[in-house]
Amino acid sequence: MNLRKRIIPCLLISEGDLIKTINFRDRRYIGDPLNAIRIFNQKKADEIIILDIDAYSKKKSVNYNLIEKMANESRMPISYGGGITSLVEVDTIIKSGVEKVICSSLFFENFSILKDAVCKFGSQSISVCLDYRLNGSDYCFYINNGKDLVSNSLEDVIQKIRELECGEVIFNSIDKDGSMLGMDQYSMKYLPSILHETPLSFIGGLSSYNELKIILENFNISGIAAGSLFVFKGKHFAVLINYDNFVKDGQ
């Protein structure tokens, strides 16, 4: 069965503010995440991803108050990731109205907790986000905003993905992040061929709605997530949240 590919705005938050990054650095303030969610509601986005990019590095407690506000505001399914270390946190986030919890560092630092989360809450409620760089055709995986290398073995990572049986894996290209110079189409072709049993989504570098159309038509993936394309407009990158009609009508 061929499921409809999802097109997902991805919003990054830091200290409660909506920001954008390039290569996980060069931060730019964008605005209020609640206001962005309201606009994406109006644009009828498929779903939305919210990532708190500093919760892990600054060892901050999960901001349940903000998560609940975002979930209450959203008329789309909402996924949240950032700073999650325990089953209690996963449970509280889901009870706040979040449909899927996204984990990253747990995959490498406390795999048993992640397995317990899939078992307790169901695979459909747990996603994994893997931040990576390509060195030629070799994969290097990082946590802590791309600062800490945790694995350079794609084989080991694939084995863990298969063992985990989570609902989705999101591959997040550090080198493509925020560039709008084109996505990692090599990985979009290669990784589904070896992980065909796992829904895969990709994020990083989406350049245009034309590239989006090409990807939708040619790659066997579950979803495409993007930030810059949906929050910037024009050659001067003015902040203007958009979700072009092609996204809804052109598939």
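Keep in mind that what you see is a predicted model, and the values were worked out from it rather than measured. Values reported hereafter were calculated over all heavy atoms of this structure, with side chains retained and with hydrogens, waters and symmetry mates removed. Note that the numbering runs from 1 along the sequence shown for the chain.
- Note: Ser201 OG to Ile224 CD1 = 8.5 Å, rounded to the nearest 0.5 Å.
- Cluster annotation: Val157 and Leu149 are assigned to distinct hydrophobic clusters (Ile/Leu/Val/Met/Phe/Trp/Tyr, side-chain heavy-atom contacts under 4.5 Å, transitive).
- Side chains of Glu168 and Gln124: no donor on one and acceptor on the other come within 3.5 Å.
- Side-chain contact between Phe219 and Leu200 is absent, with no heavy atoms from C-beta onward closer than 4.5 Å.
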> Are Ser222 and Arg6 close enough, and set up right, to give a side chain to side chain donor-acceptor pair (under 3.5 Å), and what steps lead you there?
Replying inline: CA-CA 6 Å; Ser222 173; Arg6 294 134 53 238; 2.7 Å; yes
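- When the side chains of ILVMFWY residues are joined at heavy-atom separations under 4.5 Å, either directly or via intervening members, Ile94 and Leu106 end up in a single hydrophobic cluster.
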> Yes or no on side chain to side chain contact (heavy atoms under 4.5 Å, CB included) for Asp32 and Leu18, after CA distance, side-chain angles and deciding distance?
Replying inline: CA-CA 6 Å; Asp32 175 18; Leu18 180 63; over 6 Å; no
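- Two residues are said to be in side-chain contact when any heavy atoms from C-beta on lie closer than 4.5 Å; Ser125 and Lys100 fail this criterion.
- Not a single donor-acceptor pair under 3.5 Å links the side chain of Glu217 to the backbone N or O of Ile214.
- Within the 4.5 Å cutoff, the side chain of Asp138 has no heavy atoms near those of the Leu154 side chain.
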> Between Ile221 and Ile215, is a side chain to side chain contact (heavy atoms under 4.5 Å, CB included) present by the stated rule, with each step listed?
Replying inline: CA-CA 9 Å; Ile221 63 176; Ile215 292 170; 3.7 Å; yes
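- Salt-bridge check for Lys189 with Asp184: failed, with every basic side-chain N at 4.0 Å or more from each acidic carboxylate O.
- Counting only N and O atoms by type, the side chains of Asn72 and Ser74 include no donor and acceptor under 3.5 Å apart.
- Counting only N and O atoms by type, the side chains of Asn172 and Asp131 include a donor and acceptor under 3.5 Å apart.
- Taking all atoms of both residues into account, the shortest heavy-atom contact from Val62 to Gly83 is CG2-O, 3.9 Å.
- Considering CG of Leu229 and CE of Met183, their distance stands at 10.0 Å, rounded to 0.5 Å.
- With Asn144 contributing its side chain and Ser105 its backbone, the two residues share no donor-acceptor pair below 3.5 Å.
- In the hydrophobic clustering of ILVMFWY residues, with side-chain heavy atoms under 4.5 Å counting as a link, Phe230 and Leu240 come out apart.
- For residues 10-40, there are no ring pair (Phe, Tyr, Trp, His ring centres under 6.0 Å) pairs, not counting sequence neighbours.
- Formation of a donor-acceptor pair under 3.5 Å by the Asn63 side chain with backbone atoms of Gly16 is not found in this model.
- A salt bridge is absent between Glu68 and Lys95; no separation between the charged side-chain nitrogens and carboxylate oxygens falls under 4.0 Å.
- Each of Ile174 and Phe141 belongs to its own hydrophobic cluster when Ile, Leu, Val, Met, Phe, Trp and Tyr are linked at side-chain heavy-atom distances under 4.5 angstrom.
- Atom CD of Gln159 has 12 or fewer neighbouring heavy atoms from other residues, nucleotides or ligands inside a 6.0 Å radius.
- The two residues Ser151 and Phe108 make their nearest non-hydrogen contact at CB-CE2, 4.0 Å.
- Listed here is the closest heavy atom pair of Pro77 and Glu99: CB-OE1, 3.5 Å.
- The closest side-chain heavy-atom distance from Ser14 to Arg27 is below 4.5 Å.
- Hydrophobic cluster membership for Ile102: Ile8, Leu12, Ile19, Ile49, Leu51, Ile53, Ile170, Ile203 (Ile, Leu, Val, Met, Phe, Trp, Tyr linked by side-chain heavy atoms under 4.5 Å, directly or transitively).
- Judged as a ring pair (Phe, Tyr, Trp, His ring centres under 6.0 Å), the pairs with a partner in residues 169-200 (not counting sequence neighbours) are, in order, Phe171-Phe202, Tyr186-Tyr190.
- Put simply, the side chain of Ser123 never gets that close to the backbone of Gly167: no donor and acceptor are under 3.5 Å apart.
- Between Ser187 and Pro192, the closest heavy-atom pair is O-CD, 3.4 Å.
- Both Ile48 and Val239 are assigned to one and the same hydrophobic cluster, defined by single-linkage of ILVMFWY side chains at heavy-atom distances under 4.5 Å.
- Residues Met180 and Ser228 form a side-chain contact, since some pair of their non-hydrogen atoms from C-beta on lies under 4.5 Å apart.
- Between the OG atom of Ser127 and the OH atom of Tyr80 there is a distance of 14.5 Å, given to the nearest 0.5 Å.
- Donor-acceptor pairing under 3.5 Å is lacking for the side chains of Tyr142 and Asn152.
- Side-chain contact between Ile39 and Tyr243: absent, with no pair of heavy atoms (C-beta onward) separated by less than 4.5 Å.
- Contact record, Leu11 with Ala36: CD1-CB, 4.0 Å, taken as the closest heavy-atom pair.
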> Going through the checks in order, is the side chain to side chain donor-acceptor pair (under 3.5 Å) test met by Thr21 and Asn23?
Replying inline: CA-CA 6 Å; Thr21 60; Asn23 306 134; over 6 Å; no
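- With sequence neighbours excluded, the residues satisfying ring pair (Phe, Tyr, Trp, His ring centres under 6.0 Å) with Tyr132 are Tyr139.
- More than 12 heavy atoms of other residues, nucleotides or ligands shown are found within 6.0 angstrom of NZ on Lys160.
- Considering all non-hydrogen atoms of both residues, Cys166 and Ile126 come closest at CB-O, 3.5 Å.
- Heavy atoms from other residues, nucleotides or ligands lying under 6.0 Å from CD of Glu155 number 12 at most.
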> Can you list the steps and then say if Lys69 with Leu34 is a side chain to side chain contact (heavy atoms under 4.5 Å, CB included)?
Replying inline: CA-CA 8 Å; Lys69 287 180 180 178; Leu34 295 176; 4.1 Å; yes
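- Every ring pair (Phe, Tyr, Trp, His ring centres under 6.0 Å) that Phe111 has, sequence neighbours left out, goes to Phe107.
- The shortest distance between side-chain heavy atoms of Leu130 and Ile161 falls below 4.5 Å.
- Cluster partners of Leu181, using a side-chain heavy-atom cutoff of under 4.5 Å among ILVMFWY residues and allowing indirect links: none.
- A salt bridge is defined here as a Lys NZ or Arg NE, NH1 or NH2 lying under 4.0 Å from an Asp or Glu carboxylate O, and Arg133 with Asp175 meets this definition.
- Note: Met70 CE to Asn65 CG = 10.0 Å, rounded to the nearest 0.5 Å.
- A salt bridge does not link Glu47 to Arg75: none of the charged side-chain nitrogens sits closer than 4.0 Å to a carboxylate oxygen.
- At least one side-chain heavy atom of Ile7 sits less than 4.5 Å from a side-chain heavy atom of Leu216.
- Remark: side-chain polar atoms of Lys176 are paired, donor with acceptor, to backbone N or O of Gly182 under 3.5 angstrom.
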>> Pair Glu211, Gln185 - check side chain to side chain contact (heavy atoms under 4.5 Å, CB included), show working.
In response: CA-CA 10 Å; Glu211 184 187 21; Gln185 295 190 18; 3.3 Å; yes
